[in-house]
Number of protein chains: 2
Amino acid sequence: MRADARKNRDHLLAIARSTVLEQGAQASLRDIARRAEVGLGTLYRHFPTREALLEALLRADFDTLACRADELAQAGDPARSLVTWLHEAIAVTHGFSGAIALMVAAIADEGSALHASCVTLRAAGTRLLRRAQEDGVARRDIDGNDLFALISALAWLADQPPLVPRADHLFDVIADAILPGRPGTPHAGGAPGGSAVQPR
Amino acid sequence: MRADARKNRDHLLAIARSTVLEQGAQASLRDIARRAEVGLGTLYRHFPTREALLEALLRADFDTLACRADELAQAGDPARSLVTWLHEAIAVTHGFSGAIALMVAAIADEGSALHASCVTLRAAGTRLLRRAQEDGVARRDIDGNDLFALISALAWLADQPPLVPRADHLFDVIADAILPGRPGTPHAGGAPGGSAVQPR
DNA sequence: TTGAAAACCGGAGCACTGCTCCGAATTAAA
DNA sequence: TTTAATTCGGAGCAGTGCTCCGGTTTTCAA
């Protein structure tokens with residue numbers, strides 16, 4: 001790759017990152033090119049599709065996440081490892097609003113630029129889930145696809161501004177659903193007909 | 001309202017319904033007007049914003065849903081009632097892909113055309129949830145907002161084509177999370193270190 | 001150093017979008 | 001039938017994604 005091309009590419013990526021963080025995954029590509037002080041053609045040559053651009057932005061994070069899964073799979077409590085990883089997985093896509101839908105679409109579309117990254121991510125999650133299941137702490141009727149879907153749903157939720165205040169709490173609720181064998185608080189509540197004390 | 005106006009309005013609604021079912025909530029308004037064989041100005045006069053149009057499409061369903069909640073709150077097992085209603089709530093938005101995000105945005109925006117409908121919907125869910133909590137079968141640390149968020153997340157999930165096959169199953173998982181006191185199957189699995197039989 | 005091919009750049013241009021605005025046509029009341 | 005209020009339809013504006021190609025820059029062999 002020619003020196004000027006490499007420079008343009010890198011600069012474009014940096015500008016794209018900040019623009020997407022600011023405006024979401026559906027930011028205007030023309031606008032990104034303008035901010036990068038580069039022709040529209042240049043942007044499209046380096047990243048033929050919007051997906052390709054997002055792929056470049058997310059790939060590194062995804063790979064890191066896959067490594068983290070292996071790291072967490074080595075040491076410590078399986079349930080705790082899984083929960084920690086789920087948190088990190090959701091945090092990665094946070095701020096890239098709109099990217100989650102593309103991710104979900106990509107995992108079913110082998111032609112997509114994001115496909116490989118998503119498959120890697122799902123595999124990493126599956127490993128952690130399996131370990132927790134073998135430990136008897138996670139539901140047995142869930143597989144890697146389900147986990148991927150739940151992560152997506154939680155990430156989507158965390159990107160809807162009105163739902164943000166609820167996101168952490170709902171994460172716990174769903175984590176409880178995945179890990180019913182985990183030592184935790186019994187949430188069901190007292191006897192039927194008991195006092196109807198509302199939390200919060 | 002003048003006779004020709006009423007006729008145009010009704011026709012526009014019918015065409016909009018089928019178009020949105022076919023193309024999602026972000027269907028081109030120009031296209032809807034074209035299909036209805038009506039000028040673009042006519043569409044915009046009847047429905048000044050895309051939200052107003054969707055509101056008109058969804059309002060009846062939402063009201064029905066609110067009534068259903070009251071109906072279900074009268075008779076039968078609280079847990080069963082809640083689950084049934086959740087199913088119906090998610091079914092309503094199914095097919096209107098993209099509408100869920102607008103709904104979520106609308107509940108925080110009092111100026112939105114969808115706002116009132118969403119608030120009604122949330123209130124209906126809250127009533128059913130409260131009853132289940134008083135019955136000691138639902139988690140006590142969840143409120144109407146949480147329920148609304150979970151419904152949204154499940155509806156979103158059910159509208160992502162690659163996740164559709166998982167949607168029903170994940171509904172059950174999350175229902176279990178909301179209703180841990182419900183008579184059901186123990187999903188946690190056997191003893192630690194036991195056989196690692198994968199379902200499916 | 002020079003020359004020319006290969007690689008890259010930028011933006012004009014096309015078809016589309018949401019949305020506004022206003023002259024022309026239609027309706028309903030006087 | 002006249003007349004005034006309502007409604008109609010689409011031209012027009014600014015934005016979008018994406019393609020295409022003439023001109024410029026870099027690279028490297030001669």
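A, B, ... follow the sequence lines: proteins, then strands. Residue 1 opens every chain. From a predicted model like this one, the values you see are computed outputs, not experimental measurements.
Set against D:dG17, C:dG10, C:dG18, the side chain of B:Tyr44 has C:dG18 as its closest nucleotide. The side chain of A:His46 has C:dC9 as its nearest neighbour among C:dC9, D:dG17, C:dA28. Checking C:dT20, C:dC8, C:dT17 against the side-chain heavy atoms of A:Arg45 singles out C:dC8 as nearest. Of the candidate nucleotides C:dA6, C:dA12, D:dC8, C:dA12 has the atom lying nearest to any side-chain atom of A:Leu40.
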Which pairs, protein N/O on one side and nucleotides 28-30 of chain D N/O on the other, fall under 3.5 Å?
none

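Checking the phosphate oxygens (OP1, OP2) of C:dG18, a side-chain nitrogen or oxygen of B:Ser28 falls inside 4.0 Å.
Among A:Ile174, A:Ile178, A:Leu154, A:Leu128, the one residue that satisfies the side chain to side chain contact (heavy atoms under 4.5 Å, CB included) test with A:Leu86 is A:Ile178.
Proximity of a side-chain donor or acceptor of A:Arg139 to a complementary backbone N or O of A:Pro180 within less than 3.5 Å is not detected. Between the side chain of A:Thr93 and the backbone N or O of A:Ile100 there is no donor-acceptor pair closer than 3.5 Å. For the pair B:Trp85 (side chain) and B:Ala66 (backbone), a donor-acceptor distance under 3.5 Å is absent. The main-chain N or O of B:Asp143 is found under 3.5 Å from a side-chain atom of B:Asp146 such that the two form a donor-acceptor pair. Distance alone, capped at 3.5 Å, is enough to place a donor-acceptor pair between the A:Arg131 side chain and the A:Ala73 backbone.
Between B:Ala3 and B:Asp31, the residue whose closest nucleotide on DNA chain C is further toward the 5' end is B:Asp31. Where B:Gly41 and B:Asp4 each meet DNA chain C at their nearest nucleotide, the meeting point lying more 5' is that of B:Gly41.
Side-chain N/O atoms of A:Arg2 and base N/O atoms of D:dT27 include no donor-acceptor pair closer than 3.5 Å. Remark: the A:Arg30 side chain and the C:dG13 base include a donor-acceptor N/O pair separated by less than 3.5 Å.
Atoms CG (B:Leu29) and P (C:dC16) sit 16 Å apart, rounded to a whole Å. The CG atom of A:Leu43 sits 17 Å away from the P atom of D:dC20 (whole-angstrom rounding). D:dT7 atom P lies 13 Å from atom CZ of B:Phe47, rounded to whole Å. For the pair B:Ile32 CD1 and C:dT17 P, the interatomic distance rounds to 11 Å; values are reported in whole Å. If you take CG of A:Leu102 and P of D:dG17, they are 13 Å apart, rounded to a whole angstrom. Between the P atom of D:dC8 and the CD atom of B:Glu37 lies a distance of 15 Å, rounded to the nearest Å. Taking atom NZ on A:Lys7 and atom C1' on D:dT26, their separation rounds to 13 Å, with Å as the unit.
Across all strands shown, B:Thr42 has heavy atoms under 4.0 Å from base atoms, whether or not it also approaches the sugar-phosphate. B:Arg6 comes within contact range of no nucleotide atom at all, as no heavy-atom separation falls under 4.0 Å. Residue contacts shown for B:Ala36 are absent, as no nucleic acid heavy atom lies under 4.0 Å away.
Near DNA chain D, meaning a heavy atom under 4.0 Å from it, residues 8-25 of chain A has no residue at all.
For the atom pair B:His11 NE2 and B:Thr42 OG1, the distance stands at 12.5 Å (nearest 0.5 Å). The distance from atom CZ of B:Arg59 to atom CG of B:Leu54, rounded to the nearest 0.5 Å, is 13.0 Å.
Around the CZ atom of A:Arg35, the shell of radius 6.0 Å holds more than 12 heavy atoms that belong to other residues, nucleotides or ligands.
Both B:Leu43 and B:Leu21 are assigned to one and the same hydrophobic cluster, defined by single-linkage of ILVMFWY side chains at heavy-atom distances under 4.5 Å.
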